Amino acid sequence: MLAFKMIPSDPPKAISLSIVIPIYNEAEVMPVLQQRLITVLDRMPERVEIVFVDDGSNDNSLVLAHQFDGGTSDVTVVSLSRNFGKEAATSAGLQHAKGLAVILLDADLQDPPELIPAMVSAWRKGFDIVNMQRRQRLGESWIKRTSAACFYRLLNIMSDHAIPENVGDFRLLSREVVDHINELPERNRYMKGLLNWPGFEQTTLPFDREPRAAGDTKWNYFKLVGLAIDGITSFSIKPLRLATVVGSLCAGWALTFGAWIMIKTVLWGEPMQGYPTIMIAILALGGLQLLAIGILGEYLGRVFVEVKGRPTYLVKQLEQRKASQLVEQN
Ligand code: UDP
Ligand code: MG
């Protein structure tokens, strides 16, 4: 009689590669992801593990992750207790990944899985970080492209060490780098910055970013502005310095202008005039003061979050499945 028995793949090799995929309401895209990702991974000689982090999805994504057929790869499903945001989900994935190299991949196939072998061969050549740089941003509006360009420019002016432009979270990290990132205690996990912080040997491969395969983006402009502010304030104190410099310049200008008016009145007897000048000065200074207080507030808020020391995410359930083979028994 024919019977099939599930046996774990033997002998167990160490996991060489972990693919970390945060998912938040990605049910629509999961079948396509399954097909494209597994086609690539099944052809690779390495032992691979796929780590799904379900970031509190309220559609069918978690069920689909549990049912995900990893082919020759192990599958781990980390399900978070609620939606903690992509940065926290990515941190959870990095904490649970066991591979000697870890690749961060978006579920929506904007990061083509077909590039994984090229990333792995760059890692085998000795690079610790393989950054994937977008050559084009297909399917993104003109506004999004322009605002992204402005954001990267600003981020690089403001932050203390260069963060490569147009490199998203899609990248490969060696075990050493992942361990260092996992040890970082901060709660405010701005990934683009954190991933660059450790340094090590890096290389950058260009790629064309495709439009989303299905479903909708989980970001809106409000969230993106929040992310941008997080990015700048968690990696630099230059805005504080800028506030001091602008404040001093304004004060200097006010003193000089005041002195000039006094001289004019005393020496030439010119009557004081200029309601508009006073209004402009008051408004400009008021605005600058509010801006400076806002910047202080941003940093104070960050200190508040760090001091509370709450965990970045909570895991509700963890499932680990070994790659299994269907073995025919007689
Ligand atoms: N994502 C997440 N938690 C969130 C928002 C997004 O885990 O709160 C995941 C999402 O499922 C996807 C990835 O992060 O795998 C990128 O999200 P999205 O494609 O919406 O962002 P975009 O590509 O528009 O920047
Ligand atoms: Mg996307």
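Read the numbers this way: they start at 1 and go in the same order the structure lists the ligands and their atoms. Note that this is a predicted model, so its numbers are computed, not measured. Quick note: numbers below take in every heavy atom, side chains included, and nothing from hydrogens, waters or symmetry partners.
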Heavy-atom distances under 4.0 Å are what count here, so tell me which part of [X] touches ligand 1: side chain, backbone, both or neither.
{"X": "E26", "value": "side chain"}
{"X": "N83", "value": "side chain"}
{"X": "I23", "value": "backbone"}

### Task
Start with the C-alpha gap between D106 and K86, add the side-chain angles, then the distance that decides, and say whether salt bridge (charged side-chain N to carboxylate O under 4.0 Å, His left out) holds.
CA-CA 10 Å; D106 278 2; K86 184 184 178 190; 2.9 Å; yes
#### Entry: Shared hydrophobic cluster, L291 / L300 (ILVMFWY, side-chain heavy atoms < 4.5 Å)
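In one cluster with L291: L300, no.
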Give the atoms of ligand 1, by number and element, whose distance to some non-hydrogen atom of [X] is under 4.0 Å.
{"X": "P22", "result": "7 (O), 9 (C), 10 (C), 11 (O), 12 (C), 15 (O)"}
{"X": "G85", "result": "3 (N), 8 (O)"}
{"X": "Q110", "result": "19 (O), 22 (P), 23 (O)"}
{"X": "D108", "result": "19 (O), 23 (O)"}

Roughly how far apart are [X] [atom1] and [Y] [atom2], rounded to 0.5 Å?
{"X": "R47", "Y": "S73", "atom1": "CZ", "atom2": "OG", "result": "10.0 Å"}
{"X": "L104", "Y": "L173", "atom1": "CG", "atom2": "CG", "result": "5.5 Å"}
{"X": "D54", "Y": "D59", "atom1": "CG", "atom2": "CG", "result": "8.0 Å"}
{"X": "L37", "Y": "I50", "atom1": "CG", "atom2": "CD1", "result": "4.5 Å"}

#### Entry: Charged N-O contact under 4.0 Å between R302 and E298
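Between E298 and R302 there is a salt bridge, with a charged N closer than 4.0 Å to a carboxylate O.
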### Message
Can you tell me which residue among K98, H96, R321, Q320 is in a side chain to side chain donor-acceptor pair (under 3.5 Å) with E49?
### Response
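Testing E49 for a side chain to side chain donor-acceptor pair (under 3.5 Å) against K98, H96, R321, Q320 leaves exactly one candidate, K98.
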#### Entry: With F200 via ring pair (Phe, Tyr, Trp, His ring centres under 6.0 Å) - residues at least two apart
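Ring pair (Phe, Tyr, Trp, His ring centres under 6.0 Å) check on F200 returns H180.
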#### Entry: Verdict with supporting geometry, D128 and S174, side chain to side chain donor-acceptor pair (under 3.5 Å)
CA-CA 5 Å; D128 287 288; S174 71; 2.9 Å; yes
### Message
Please state which option from F84, F170, Y24 has its nearest heavy atom closest to atom 2 (C) of ligand 1.
### Response
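Among F84, F170, Y24, the closest heavy atom to atom 2 (C) of ligand 1 belongs to Y24.
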### Message
With 2.8 Å as the threshold, which protein atoms of type N, O or S lie near the Mg ion (ligand 2)? Leave waters out.
### Response
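Atoms qualifying: D108 OD2, Q110 OE1.
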### Query
Quick check: does A107 get an N/O under 3.5 Å from an N/O on ligand 1?
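Yes, A107 has an N/O under 3.5 Å of an N/O on ligand 1.
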